2 protein chains.
Amino acid sequence: MSPGRHPDHAPLELERFVPYQLSIVSNTVSQTIADDYQVRHDLSVTEWRVMAVLARFDGLSAREVAERTAMDKVAVSRALARLVAAGRVRRHTHANDKRRSVLGLTAKGWAIHDEVAPMARQRERELLARLDSDEQAWLARILDKLMPGDQARG
Amino acid sequence: MSPGRHPDHAPLELERFVPYQLSIVSNTVSQTIADDYQVRHDLSVTEWRVMAVLARFDGLSAREVAERTAMDKVAVSRALARLVAAGRVRRHTHANDKRRSVLGLTAKGWAIHDEVAPMARQRERELLARLDSDEQAWLARILDKLMPGDQARG
DNA sequence: TGCAAATGGTTTCAATTGAAACTACAAAGG
DNA sequence: CCTTTGTAGTTTCAATTGAAACCATTTGCA
């Protein structure tokens, strides 16, 4: 290598670089879903994730919501503040630990959930419709393997 | 109300919902790359993308950079402002159109590129190492199909 | 020509986000 | 008890981002 020069630059081909592709695909998909119904309900992606988790697991604390949504506790705290203010989530204090909150969807929250969830599934279907069934199966398998926290599982 | 599942409402299983998985995987991967070298060089992901594109295509305008990085023009403008200020990108005005800029990496820009690009590839390899070679091949194919702008190509 | 519309790029202002500090409560050890 | 340390959750402040307005130049066309 001659001094002071950079002879073999081997530039990255962004459009074939997997982390870049993932980011583009992910952002496009999330944006499509967000545009469609979440803007309509004045519901951010983070808020929707919190609602989705509370729909499955009633009575979680904010920390548990954070764990299950892969969001940090500040983001969860802010999402919850909005959701509670909007009457979509109820929050009361844990009987045996006054630090913890006990969270759940209200009737209004369920109503929104029941409208948004099928739509989200529909968007997922539309995304997957661009793949044939082999590709769909491989994608599911690949994403399972790439999800963090899955390294240990065979 | 007992804690637990609400099967009648068909709650979304976030961890099997493809858009969610994509977002988690994408963010984790990008963050890993960013932490590693880009923070070290005080280089954001957007700045790195601009540099990667200019490494391949010398003399692009800002708009062309925006097209090739899937970023909006405001983000590109800001990234360029920082890159030019840091002496990593040179910018001059197009001879026949004084609105357009003509962009390229400086020697300093190339030096950073030549350090970051191999590292980015290495991280990509580490990601893909979690998949077997069948899965790697399918992932490449699937991402190509899911990349926006690819719908038309058969 | 001359003037409206379009284009390339930047700036502004408000909303969003992230990191660290902070409050309140709980648990554990002396 | 009382002090230290840890945990749940919120607030604060600065940095980042996005949308719209903006400026300069070019283009289309009467």
Side-chain angles (χ1 to χ4, degrees), chain A residues 23-24 26-28 30-35 38-39 41-50 53-54 57 59-86 89-104, chain B residues 3 23-24 26-28 30-32 34-35 38-39 41-50 53-54 57 59-86 89-104:
Chain A
S23 139
I24 298 299
S26 165
N27 289 340
T28 306
S30 291
Q31 199 48 51
T32 303
I33 298 180
D35 285 351
Q38 295 173 6
V39 163
H41 289 291
D42 187 28
L43 189 67
S44 72
V45 174
T46 53
E47 283 162 36
W48 167 244
R49 284 185 185 169
V50 169
V53 160
L54 291 178
F57 306 102
L60 292 185
S61 69
R63 190 188 58 74
E64 291 166 330
V65 169
E67 271 176 13
R68 291 194 174 273
T69 52
M71 294 162 52
D72 72 78
K73 63 179 186 166
V74 175
V76 170
S77 171
R78 292 201 253 240
L80 283 172
R82 290 202 66 205
L83 290 168
V84 170
V89 165
R90 97 190 112 68
R91 165 164 55 185
H92 50 83
T93 304
H94 192 281
N96 303 328
D97 184 345
K98 289 176 192 163
R99 294 169 307 178
R100 306 186 56 178
S101 44
V102 177
L103 302 161
Chain B
S23 139
I24 298 297
S26 166
N27 290 340
T28 306
S30 292
Q31 198 49 50
T32 302
D35 284 351
Q38 294 172 7
V39 163
H41 288 290
D42 187 27
L43 189 68
S44 71
V45 173
T46 54
E47 283 162 35
W48 167 244
R49 284 184 185 169
V50 169
V53 160
L54 291 179
F57 307 101
L60 292 186
S61 70
R63 191 188 58 73
E64 291 166 329
V65 169
E67 270 176 12
R68 291 193 175 273
T69 52
M71 292 161 54
D72 71 78
K73 63 180 187 165
V74 175
V76 169
S77 171
R78 291 201 255 242
L80 283 171
R82 290 202 65 206
L83 290 168
V84 170
V89 166
R90 98 189 113 67
R91 164 163 56 186
H92 51 83
T93 304
H94 192 280
N96 303 330
D97 184 345
K98 289 176 192 163
R99 294 169 308 176
R100 306 186 56 176
S101 44
V102 178
L103 302 161

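All figures in this text were calculated on a predicted structure; none of them were measured in a lab. In the text below, chain A, chain B and the rest are named by the order of the sequence lines, each starting its count at 1.
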> Working to the nearest 0.5 angstrom, can you tell me the gap between B:Gln31 CD and B:Ser26 OG?
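Reported to 0.5 Å precision, the distance equals 10.5 Å.
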> To the nearest angstrom, how far is B:Glu67 atom CD from C:dG9 atom C1'?
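After rounding, the gap between these two atoms is 14 Å.
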> Which one, C:dG9, D:dA8, D:dT10, comes nearest to the side chain of B:Arg91?
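Closest of the options to the side chain of B:Arg91: C:dG9.
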> Is A:Arg63 salt-bridged to A:Glu67, going by a charged N under 4.0 Å from an acidic O?
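Yes, this pair counts.
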> Rounded to the nearest angstrom, tell me the gap between atom CG in A:Leu80 and atom C1' in D:dT11.
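The distance from CG of A:Leu80 to C1' of D:dT11 comes to 15 Å, rounded to the nearest Å.
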> Report the distance from atom NE2 of B:His94 to atom P of D:dT26, rounded to the nearest whole Å.
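Going from B:His94 (NE2) to D:dT26 (P), I get 11 Å.
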> Considering just the side-chain nitrogens and oxygens of A:Ser77, establish if one lies under 4.0 Å of OP1 or OP2 belonging to D:dG9.
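Checking A:Ser77 against D:dG9: no side-chain N or O falls below 4.0 Å of OP1 or OP2.
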> Can you confirm whether A:Thr46 sits close enough to A:Thr69 that some side-chain heavy atom of one is under 4.5 Å from a side-chain heavy atom of the other?
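Answer no - side chains too far apart.
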> Counting only side-chain heavy atoms from C-beta out, which of D:dG9, C:dG8, C:dT11 sits nearest to B:Arg63?
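Ranking D:dG9, C:dG8, C:dT11 by closest atom to the B:Arg63 side chain puts C:dG8 first.
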> Give the B/S/- string for nucleotides 16-26 of chain C, one per nucleotide from 5' to 3', where a protein heavy atom under 4.0 Å of the base yields B, of only the sugar-phosphate yields S, and otherwise -.
-BBBB---BBS
> Quick one: pull up NE2 in B:His94 and CZ in B:Arg100 and give me the separation to the nearest 0.5 Å.
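It comes to 5.0 Å.
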> Can you name the residues that form a side chain to side chain contact (heavy atoms under 4.5 Å, CB included) with B:Ala62, not counting sequence neighbours?
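Once residues adjacent in sequence are excluded, the partners of B:Ala62 under the side chain to side chain contact (heavy atoms under 4.5 Å, CB included) criterion are B:Val76, B:Leu80, B:Ser101, B:Leu103.
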> Send over the distance from B:Arg100 CZ to C:dT10 C1', rounded to a whole Å.
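The distance from CZ of B:Arg100 to C1' of C:dT10 comes to 17 Å, rounded to the nearest Å.
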> For A:Ile24, is there any backbone N or O sitting under 3.5 Å from a side-chain donor or acceptor partner on A:Thr28?
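Between the backbone of A:Ile24 and the side chain of A:Thr28 there is a qualifying donor-acceptor contact (under 3.5 Å).
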